[in-house]
Amino acid sequence: MSWLPLSFGFPVVLWGLLALPVIWWLLRLTPPKPQAEIFPPLKILARVFKKEEMPHQSPWWLTLLRLLMAALVVLALAEPIFNPREKLSTSEAALAMVIDNGWTSAPDWSLRVATAERLIKDAEVNEAPILLAFTAEKPNTQIGPYSAREARERLNAIKPRPVPTDRPAVYARVASALKELPEATIAILTDGLAAKDDQTSFATLLGQNPRNVVWVQPTRLDTIALASADNEVDRFTITAVRAPSNPAPAYLTAGVFDDKARRIGDAAITFRPGEARATGEIIVPFELRNDFSWIALDEQGHAGAMRVLDENAKRRRVGLLSQTPVDQSRLLLSPLYYIKRALEPFADMVEPASPDLIEAMPDLLAQKPAVIVMGDVGTLPESVRAPLIKWMDEGGTLVRFASSRLITAGNDPDLLPVSLRLGERLLGGSLSWTEPQPVAQFPSTGPFADLPAPSEVTVSRQVLAEPTPDLVDKTWAVLADGTPLVTADRRGKGMVVLFHIAPQATWSNLPISGSFVEMLRRIVQLSRNQGASGARAESPVATLAPYRMIGADGYLAPPDGDTKPLQVGGGHVPAITLDNPPGMYGSEEGVFAHNLLESDAVLDPLQRPQISVPVMSERYALDESRDMKAPLLAVAAALLFVDGLIVLWLGGMFNRRRRATQAATAAMVALIVASSLLMFMPVASAQDSKPGDIQAIDAISKTRIAYVLTGEASIDAISRAGITGLTKFLVEKTALEPGEPAGVDIAKDELAFYPLIYWPIDPAAPMPSEAAIARIDEYMKEGGTVLFDTRDQFANGIGTDSASPATERLRDILGNLNVPPLEPVPADHVLTKAFFILPEFPGRFNGSPLWVEASLDAENTDNRPVRTGDGVTPIMITANDLAGAWAIDENGDPMLPTVPSDPMQRVYALRAGVNIIMYMLTGNYKSDQVHVPALLERLGQ
């Protein structure tokens with residue numbers, strides 16, 4: 001029986017409410033005990049002839065109180081439930097729960113556990129046996145049947161797994177167990193994502209004639225995962241996927257990290273309404289792209305939000321092709337000799353078995369090289385020319401060298417970047433120089449722009465390009481006379497590059513120079529990788545040990561004892577399993593990236609199958625129902641106590657011995673009056689107080705560390721968590737016990753209550769008004785200190801000398817303040833010894849100095865023991881993200897990793913925070929210790 005929002009376990013007890021009129025009649029019929037009083041004799045004589053009167057009924061308000069008490073008891077015995085939910089109808093049959101605990105379940109795993117616990121609680125009422133299976137565990141894992149207590153223990157022991165679900169195997173295992181438990185209830189707790197062979201799996205599980213089915217799935221499928229990461233010609237592209245049924249736009253950021261866990265890049269990814277795939281780009285030099293080690297989506301706590309990278313994203317496979325047979329006695333004249341020596345350090349080279357182009361070209365293309373280098377190839381047969389052009393259109397890079405065969409082959413606009421003159425220029429010829437030409441400075445638009453011009457390289461023979469309007473745009477290297485040395489042009493997604501000299505050292509000494517190696521390396525790095533070296537058919541099978549694994553929460557962690565070595569190569573693409581979860585396999589020398597999703601992965605929503613038995617739909621949520629029996633009984637007990645006091649009062653219990661206790665009563669009254677006066681005094685003062693006085697009293701009752709509210713929720717949360725972590729460390733290590741962190745609005749709140757205000761600078765936050773900055777200026781003049789933190793240690797100076805946006809915003813703020821001269825904290829400053837001895841002040845990052853007010857006599861190192869008098873610096877500036885290093889979550893664990901990942905760096909950051917707080921509260925008394933030798937010397941005199 002259910003009366004929303006209440007339901008009752010025993011609604012038949014509610015018939016007891018019909019007895020309330022009878023109780024009313026009985027209470028009215030039975031009066032309370034007459035009040036007994038002691039009268040003087042004269043009053044007794046005066047009433048001696050009067051008839052004795054007795055009350056014939058109880059007061060109406062006492063009767064109403066007792067009726068209310070009886071009604072509360074009746075309601076409590078009916079076991080009312082506030083905000084009830086529909087219970088599982090299991091009778092004495094079994095309950096079979098199948099729960100998806102794959103990679104998508106990590107963000108809301110606590111809700112899934114709470115939902116499963118509700119189902120176990122319902123089955124416990126009827127002592128029904130429970131089967132409990134998880135689709136991301138091994139199929140031979142024990143599934144029961146369990147008792148309710150055992151099922152809870154098993155449920156709390158299971159955690160999400162960073163692998164896909166395996167519904168066919170697990171569902172078949174549960175279906176086999178249900179043959180011995182007929183008429184069972186099946187509860188299917190899904191992750192909402194479709195998987196392979198779902199229809200077969202559900203048919204197997206539901207084919208055991210269940211009594212009913214409980215279907216639970218997320219209310220919305222908002223999982224976003226990484227599908228691919230491509231190191232393209234001039235940018236790094238990241239592709240994310242989500243369910244196509246999600247109509248809402250989504251904006252998120254992907255962070256790129258190097259092998260030392262430093263965040264060195266960000267990509268913004270935007271899903272438009274209804275889109276299932278979105279792409280983000282990072283445009284940085286390829287040298288920096290080669291340092292990328294893994295990618296992670298922000299605010300997506302699951303294994304699909306991380307993608308690791310290996311050497312396949314860096315190294316390239318290069319195919320070498322020559323029509324000249326190799327003469328071992330004349331290797332130095334081989335067209336590919338110097339090319340091989342130049343490419344060996346950074347590329348995987350493959351060569352065809354035959355020099356015949358008709359056989360060699362298909363052989364090379366089948367191995368999916370990123371680059372094909374033609375040493376002395378002229379005309380290509382038509383049968384191989386078309387596949388080569390298609391290969392370039394799909395991203396391949398063709399590198400050609402001048403030769404006698406190329407000159408006689410004529411111009412081929414598809415296989416040459418520029419048109420060539422039908423002839424060559426050589427020293428002493430009709431189109432020749434009087435002396436060999438040096439190489440000029442490389443053009444700024446090409447990939448060799450930052451290379452120094454090789455002064456030792458000269459060219460005595462070359463193939464000339466026809467002058468065209470776009471020749472300059474296609475030229476990557478020129479000679480001193482302006483003629484091209486290297487030209488290039490795009491072909492679809494790929495390109496073709498031509499060296500206008502021969503690959504041997506006969507036309508030029510460039511092939512035997514270091515510049516040649518660097519030029520080829522950059523061309524190869526600009527190419528697109530066409531195949532993964534670890535998984536191609538011709539590569540041998542290798543077994544790689546687990547190195548760093550992707551956890552279910554989307555973070556890298558060391559491998560556990562259950563992870564087994566991974567076999568790669570031999571044409572076999574390894575699958576994601578519990579034995580081989582996603583992550584890096586190999587060692588520090590090199591790793592193989594084993595990622596969760598393929599590049600063509602889709603996140604399709606799961607469609608509920610057709611079910612012939614009754615189905616109850618549920619959602620993942622905490623149990624919001626509340627048992628009201630205990631609160632109602634507690635209220636009834638309180639009313640019973642009040643009723644007893646009233647009966648004693650009506651019976652005169654509190655009036656007896658009144659005369660004997662007059663003195664005590666008078667004293668008590670005086671005490672009550674005095675107490676009342678004391679109680680009303682603060683009330684009266686509070687009425688005369690000004691707005692904000694109560695907050696002021698709270699602010700000064702304990703030392704509190706403040707932080708500026710920037711308006712950005714994520715930054716303010718980190719600031720508060722950071723100061724909370726520092727406060728906890730202060731309580732553990734010092735005698736100081738600060739209060740809760742105080743977030744202040746510098747435009748409105750009073751700042752004088754706080755000795756230190758931490759201000760994280762964020763360029764996205766609104767610029768403070770002039771009035772707010774004026775209040776900060778006044779606060780600093782009155783003795784307060786502001787700690788500015790730009791949190792951009794690694795944002796400054798990556799390839800340029802320009803300041804980061806956060807530093808520019810800080811300059812704008814400081815431009816309106818009276819900032820004293822600043823200097824990095826000297827080695828003898830009080831901050832270095834206020835509590836701990838510290839040589840530096842790191843935060844989540846390390847490397848930025850802590851800037852403080854400069855000493856008045858900074859040049860005289862012998863006469864500055866106290867630095868700047870007895871005061872403290874009004875300003876501190878750092879870029880090391882102190883709050884990020886201090887921040888802890890509700891369990892006391894660090895929220896953000898340090899860069900580099902060093903546990904001691906976090907300890908030093910907390911010690912730096914202790915020194916800053918001690919310095920703010922005690923000044924520079926520690927500096928007076930340098931006077932101890934002089935004082936002792938005077939005492940000796």
Side-chain angles (χ1 to χ4, degrees), residues 103-104 106-108 191-194 218-258 262-286 288-289 292-309 313 395 493 528 550 553-555 582 595-605 710-718 762-766 791-792 794-795 798 804-806 808-809 896:
W103 62 272
T104 60
D108 60 347
D191 58 10
L193 282 181
T219 54
R220 54 178 297 180
L221 194 58
D222 53 3
T223 301
I224 299 177
L226 289 173
S228 65
D230 299 321
N231 196 350
E232 298 184 349
V233 175
D234 56 352
R235 68 197 62 202
F236 199 92
T237 304
I238 301 170
T239 302
V241 295
R242 67 173 182 174
S245 60
N246 195 337
Y251 312 94
L252 67 161
T253 304
V256 183
F257 301 82
D258 63 6
R262 295 176 299 191
R263 188 164 182 149
I264 57 177
D266 292 285
I269 301 176
T270 301
F271 285 91
R272 294 183 176 87
E275 283 189 348
R277 300 179 76 89
T279 301
E281 296 179 344
I282 304 177
I283 303 176
V284 294
F286 67 87
L288 187 59
R289 297 202 305 271
F292 293 174
S293 184
W294 73 82
I295 308 163
L297 292 176
D298 295 336
E299 301 178 359
Q300 292 286 322
H302 54 79
M306 175 173 284
R307 193 168 188 87
V308 293
L309 307 175
K493 295 181 180 179
R528 294 169 58 92
I550 300 176
D553 56 357
Y555 289 94
N595 287 301
L596 182 66
L597 299 181
E598 299 292 338
S599 59
D600 57 350
V602 292
L603 303 181
D604 290 329
T710 63
E712 295 292 327
S714 60
I715 297 175
D716 295 342
I718 292 298
D762 184 72
R791 306 172 297 114
D792 59 351
F794 289 99
I798 301 181
S804 69
E808 292 292 343
R809 173 55 59 85
L896 301 175

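Source: prediction; values computed, not measured. Atoms considered below: every heavy atom in the structure, side chains included; atoms not considered: hydrogens, waters and symmetry mates.
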> Would you mind reporting whether V256 and I238 have side-chain heavy atoms less than 4.5 Å apart?
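A side-chain contact under 4.5 Å exists here.
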> side-chain contact (heavy atoms from CB on, under 4.5 Å) between L603 and L221: does it pass, once the steps are laid out?
CA-CA 9 Å; L603 303 181; L221 194 58; 5.6 Å; no
> Minimum heavy-atom separation for P605 and A194, please, with both atom names.
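So the minimum-distance heavy-atom pair works out to O-CB, 3.8 Å.
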> How long is the straight-line distance from CG of D716 back to OG1 of T710, given to the nearest 0.5 Å?
3.5 Å
> Between OG1 of T239 and CZ of R277, what distance do you get to the nearest 0.5 Å?
6.0 Å
> Any side-chain heavy atom of D191 sitting closer than 4.5 Å to one from P218?
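A side-chain contact is absent here, since even the closest heavy-atom pair is not under 4.5 Å.
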> Tell me, do I224 and I269 make a side-chain contact under 4.5 Å, heavy atoms counted?
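Not touching, per the 4.5 Å side-chain cut-off.
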> Kindly give the heavy-atom pair with the smallest separation between R307 and L597, and that separation in Å.
NH1-O, 2.9 Å
> Above 12 or not: heavy atoms from other molecules or residues under 6.0 Å from CD of E281?
yes
> So, for A296 and F257, which heavy atoms are closest and what is the spacing to 0.1 Å?
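A296 and F257 have their closest heavy atoms at CB-CE1, 4.1 Å.
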> Kindly compute the distance separating CG (L297) from OG1 (T253), expressed to the nearest 0.5 Å.
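Taking CG in L297 and OG1 in T253, the distance rounds to 9.0 Å.
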> Which value, rounded to the nearest 0.5 Å, describes the distance between D222 atom CG and T104 atom OG1?
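Interatomic distance, D222 CG to T104 OG1, rounded to 0.5 Å: 10.5 Å.
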> Show your working on side-chain contact (heavy atoms from CB on, under 4.5 Å) between R791 and D762 and close with a plain yes or no.
CA-CA 8 Å; R791 306 172 297 114; D762 184 72; 3.4 Å; yes
> Where is the tightest heavy-atom contact between F236 and A229, given as atom of each residue plus distance?
CE2-CB, 3.7 Å
> The criterion is side-chain hydrogen bond (donor to acceptor under 3.5 Å, both in side chains); which residues satisfy it with N595, sequence neighbours excluded?
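For N595, no residue satisfies side-chain hydrogen bond (donor to acceptor under 3.5 Å, both in side chains) once neighbours in sequence are set aside.
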> State plainly whether the residues D792 and R809 are in salt-bridge range, i.e. N to O under 4.0 Å.
no
> Mind checking side-chain hydrogen bond (donor to acceptor under 3.5 Å, both in side chains) for T279 and listing every partner two or more places apart, or none if nothing turns up?
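Result, side-chain hydrogen bond (donor to acceptor under 3.5 Å, both in side chains) vs T279: none returned.
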> Between CZ of R242 and OG1 of T223, what distance do you get to the nearest 0.5 Å?
11.5 Å
> Angle class for the W103/H302 ring planes (parallel below 30°, perpendicular above 60°, tilted otherwise)?
tilted
> Nearest 0.5 angstrom please: R289 CZ to D230 CG, how far?
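One gets 11.5 Å once the value is rounded to the nearest 0.5 Å.
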> Minimum heavy-atom separation for S293 to D258, with atom names?
CB-C, 3.5 Å
> Identify the two heavy atoms, one from V284 and one from F292, that lie closest to each other, and give their separation to 0.1 Å.
CG2-CZ, 4.0 Å
